[in-house]
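Worksheet for the structure shown next.
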Amino acid sequence: MNKPAPSFNVNRRETLSWAFGLSVGSVLAGCGGGSSAGPTLDTLSDPQMLAATNKLLSMDLNAQYASQTMTIALAQDPGYPGAAKKIATSLRSFNGQYMAPTLVLNIGDTLRINLINKLPANVKGQSKLDYLNHQNSTNLHFHGLHVDPKEFRPGVFGDYVVDTAEAGVQPGESRQHELTIPQVHTNGIYWYHPHLHGSSNAQVSSGMFGAIIVRDPADKFITSPDIRERVIHVHKVSLKDGKTESFYDSAGAAASAFLLNGAYQPTIVMRPGEVQNWHLLNTASFYPFNPVLDDHTLLAYAKDGNVFDRKFKSINKATSTQFGNQQWPGNALYPGSRHSVVVKASDTPAFITCAL
Ligand SMILES: [Cu+2]
């Protein structure tokens, strides 16, 4: 598709904006869309952050429907700005939001989550396979945490992924979770999402997920009060009339282009020379993502919470397919995976592309 070249009217005196969209197999010279009318707005929304206090983080997590308007593209547009449109959606969510809060915990902290299922009754007859007829039942998994995946003490669940489709937390029920981050845990980026067989695909692809950051007093992560840390969920929604009602919708309806924290081609604004620390999480159900930021290098320092011992792995156009997407730790971000990268803004606006 031929599109007119974007305007390059960025106010470089104060801000540099990076158009942050995605495209398949294209090298783009996109720009941040700065305007002489005023400073460029950063349009990447950050998930809410909740931190433990006095070694405890306690919260309710409501599984419920959320109605919201999302600006999405149904097909990847190789240009910037790509064509997108507003779509009214009604999707399962945590706490009524696309993207649940990021939970920040120290080693030794306790996380308590009361999972409350406020979804409506299950709809029978969606499939001849009975395990696909429980789309409104749910449960909770803590992805990557070094905890027992079937822990249960009387009345309290830890991580728990061994429910059958007919069990789990049914509409109208709740489940109290409690787990403590072990002292031997590695710091890093993890996430939580439903893991009930048969329904987790529709629920996760609808936006029922949140990040967990585990910190360590001897932190090997790149953290500094001077460096902004951002959690970026890389995700696609699959919509049929704005909804993902059944397993077949989540697996078969047209998938959107990649969204970053729920937005198509959001703009990240940084000062020239500014360094930021980004955690990219692939929370899509099926789709690998291979990030390349035009003419810039993402300096990866951890994958899936495993720090490369102060060695940086360069992710750029030249290295994007270096590992054939086969060999760990290649650059491709498969569903569930996380890259932690630092990025330094230059004077060149850039456009992130997906090289797969
Ligand atoms: Cu998982």
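Position 1 is the first residue of the sequence, and the numbers go up from there. Ligands are counted one by one from 1 in listed order, and the atoms in each one are counted from 1 as well.
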(request) Determine whether more than 12 heavy atoms belonging to other residues, nucleotides or ligands lie under 6.0 Å from atom NZ of K124. (result) yes

(request) Apply ring-ring contact (aromatic ring centres under 6.0 Å, His included) to F247 and list each qualifying residue two or more places apart in sequence or on a separate chain. (result) none

(request) Would you please name every residue forming a side chain to side chain contact (heavy atoms under 4.5 Å, CB included) with N62, sequence neighbours left out? (result) Q64, N95, I116, K118

(request) Mark yes when over 12 heavy atoms from residues, nucleotides or ligands other than Y131 sit less than 6.0 Å from its OH; otherwise mark no. (result) no

(message) Can you tell me which residue among H143, H279, H233, H235 is in a ring pair (Phe, Tyr, Trp, His ring centres under 6.0 Å) with W191?
(response) H143

(request) Please list, chain by chain and in numerical order, all residues satisfying ring-ring contact (aromatic ring centres under 6.0 Å, His included) with F286, sequence neighbours excluded. (result) none

(message) Suppose the cut-off is 2.8 Å; how many protein N/O/S atoms fall inside it around the Cu ion (ligand 1)?
(response) 2

